Amino acid sequence: MILVAGSANLDFVVRASHIPGPGETVLGQAFHTFPGGKGANQAVAAARAGGASTRMLLALGDDAYARPLEDSLTGAGVQLHIVRSPDQATGTAFICVSDDAENAITVAPGANNTLAPQHLPALDGVSHLLMQLETPLASVAAYARAARAAGVKVVLNAAPAQSLDADLLGLIDILVVNEGELASITGRQVGVAENLQQLPVPVVVVTLGARGCCARVGEHYLVQPAFAVAPVDTTGAGDTFCGVLVAALDQGAVLQDAMRQACAASALACTVAGAQSSVPTPDAVAALLQQQPTDAAAAQALREFCGLAI
Ligand code: RIB
């Protein structure tokens, strides 16, 4: 069983030709709300696309924004441990999605900031604890410490980017980052493989957008090229990757296979608008895996991009 401890936000989304720069106003299209938040998105991905038994610890306000978040999580089969914060608004995120499917996100954490060390539920039966960085860092560290003591694998998606101290890194079994987050943690702008070597974490997975992903396991490296899709909205694709990766590991997959499933699910998540609304079904993931077998030339090109020996 997977326990996700993290954020839930209601996403307020506007599509526009491009993401506005500083001081710029753009006229967008219709406005929509979607259930989001990195934690909740990852829980939905683990439960729906990954098919894993999933629980989530989250904090919500006592307001109208909370209900669609609860409904989306329970609809995906996630069991909830809700900390209700009557004095705080439910978390919200303000997202502009451009015509080329990229996004810019500003989060107002609200109730997410009330998730405290004492809120961690019992870890009986939990194989993996999956966390992100949209909730207080002190709580993330406390939960990681408790999970390590209980023999539960600690998986951290270090998003949004911030630097992490050595104490916290020492509690993590699997770190999942994108290239920017990796550079924020190491403080170095070097090649992917060289940057992965800097981190004192047994397994580090870096997602590389339309290229795929790369992992360092001890001294060894794995790559998984991306799946080809026509992207509409990349919001939540990284979260789908994390949820499906951990779900596959929870169900006994080896890391290479888990990366392949996670890449396929996150590619499909880019083809539908919204975050949790875009998490694919297991059948859709299986169909894409069958349609696009791993291509040796693409894997070699990715190894070269990452700076791995040819
Ligand atoms: O990773 C995408 C998510 O980031 C959005 O759903 C938004 O809520 C922010 O947490």
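Below, each value reflects all heavy atoms present in this structure, side chains not excepted, and no hydrogens, waters or symmetry copies. Whatever order the structure lists ligands and atoms in, that order sets their numbers, starting from 1. Model, not experiment: these values are computed from the prediction.
Here the side chains of V4 and I2 are in contact, with some heavy-atom distance below 4.5 Å.
Near ligand 1, heavy-atom contacts under 4.0 Å come from N9, D11, G36, G37, K38, N41, A93, I105, V107, E134, G236, D239, A275.
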Enumerate, atom names and distances included, each donor-acceptor pair closer than 3.5 Å involving a side-chain atom of residues 16-30, sequence neighbours excluded.
unit_1	atom_1	unit_2	atom_2	d
H18	NE2	E24	OE2	2.7
E24	OE1	G21	N	2.8

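Cation-pi geometry between R211 and F305 is satisfied (NZ or CZ under 6.0 Å from the ring centre, within 45° of the ring normal).
Residues satisfying the ring-ring contact (aromatic ring centres under 6.0 Å, His included) test with F94, not counting sequence neighbours, are F12.
A donor-acceptor pair shorter than 3.5 Å can be found between the side chains of T235 and N103.
The stretch residues 122-151 participates, sequence neighbours left out, in these salt bridge (charged side-chain N to carboxylate O under 4.0 Å, His left out) pairs: R148-D173.
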